[in-house]
Amino acid sequence: MAELPELEVTRTVLARELVGKKIKTVEVSTKNVIKRHKTKAQFTDLLAGRKIVKIERKGAYLVWQLDSPDVLVVENYRTMSVLLSLRRFG
């Protein structure tokens with residue numbers, strides 16, 4: 001696995017704060033941050049109301065396992081946006 005100690009710290013903090021909690025709302029600022037969905041609404045509908053079961057690190061990605069077959073994959077450079085959003089909307 002790539003040496004990214006700051007990402008492991010981020011994963012640890014996110015896991016401690018978020019595992020077991022439900023995603024209340026999802027905000028997508030621009031379409032290019034979602035890769036596999038045709039619309040923002042399709043993406044946000046899949047996540048809203050889901051419970052976060054586990055957050056793992058896979059290389060330079062954080063993989064959020066949800067209480068559904070879906071997972072949320074967050075790229076390393078986007079994790080700061082997630083952290084800032086948590087503080088803002090927490």
Side-chain angles (χ1 to χ4, degrees):
M1 195 173 312
E3 289 292 327
L4 295 168
E6 68 280 3
L7 185 57
E8 186 58 30
V9 169
T10 301
R11 185 207 63 77
T12 301
V13 170
L14 287 173
R16 182 179 62 231
E17 296 296 322
L18 299 179
V19 168
K21 295 186 179 173
K22 283 192 176 184
I23 299 170
K24 291 181 183 176
T25 60
V26 178
E27 183 179 306
V28 178
S29 57
T30 177
K31 171 74 172 87
N32 68 352
V33 300
I34 49 177
K35 309 281 184 195
R36 303 183 121 198
H37 304 282
K38 292 181 182 179
T39 66
K40 291 180 187 180
Q42 182 186 37
F43 177 75
T44 58
D45 289 347
L46 284 172
L47 293 176
R50 291 290 175 199
K51 188 179 197 179
I52 300 166
V53 175
K54 186 177 187 180
I55 300 176
E56 297 178 295
R57 182 174 156 224
K58 301 289 184 185
Y61 299 94
L62 293 180
V63 179
W64 299 30
Q65 294 183 358
L66 307 174
D67 64 346
S68 72
D70 299 304
V71 297
L72 175 63
V73 178
V74 181
E75 293 176 296
N76 181 21
Y77 67 93
R78 298 199 192 280
T79 57
M80 189 53 69
S81 296
V82 172
L83 288 171
L84 292 173
S85 295
L86 290 172
R87 284 192 176 162
R88 186 170 150 206
F89 301 109

Atom pair CD1/NZ of I34 and K40 - distance to nearest 0.5 Å = 7.5 Å
query = Of all heavy-atom pairs between L66 and I23, which one has the smallest distance, and what is that distance?
reply = CD2-CD1, 4.2 Å
task = Would you mind reporting whether W64 and L47 have side-chain heavy atoms less than 4.5 Å apart?
result = no
Heavy-atom closest pair, residues R57 and R11 = N-CD, 3.6 Å
inquiry  = Once side-chain contact (heavy atoms from CB on, under 4.5 Å) is applied, do any residues pair with L46, and if so which ones, sequence neighbours excluded?
reply    = H37, D70
ask   = Quick one: CG on L7 to CG on L62, what's the gap to the nearest 0.5 Å?
value = 4.5 Å
task = Would you confirm whether Q42, through its side chain, and K38, through its main-chain N or O, come within 3.5 Å as a donor-acceptor pair?
result = yes
inquiry  = Please list all pairs meeting salt bridge (charged side-chain N to carboxylate O under 4.0 Å, His left out) that have one or both residues in residues 44-56, counting only residues at least two apart or in different chains.
reply    = R50-D67, K54-E56
key: Nonpolar side-chain network containing V73, other nodes, edges under 4.5 Å   = Y61, V63, V71
note = Looking only at heavy atoms, the pair that brings V19 and V53 closest together is CG1-O, 3.2 Å
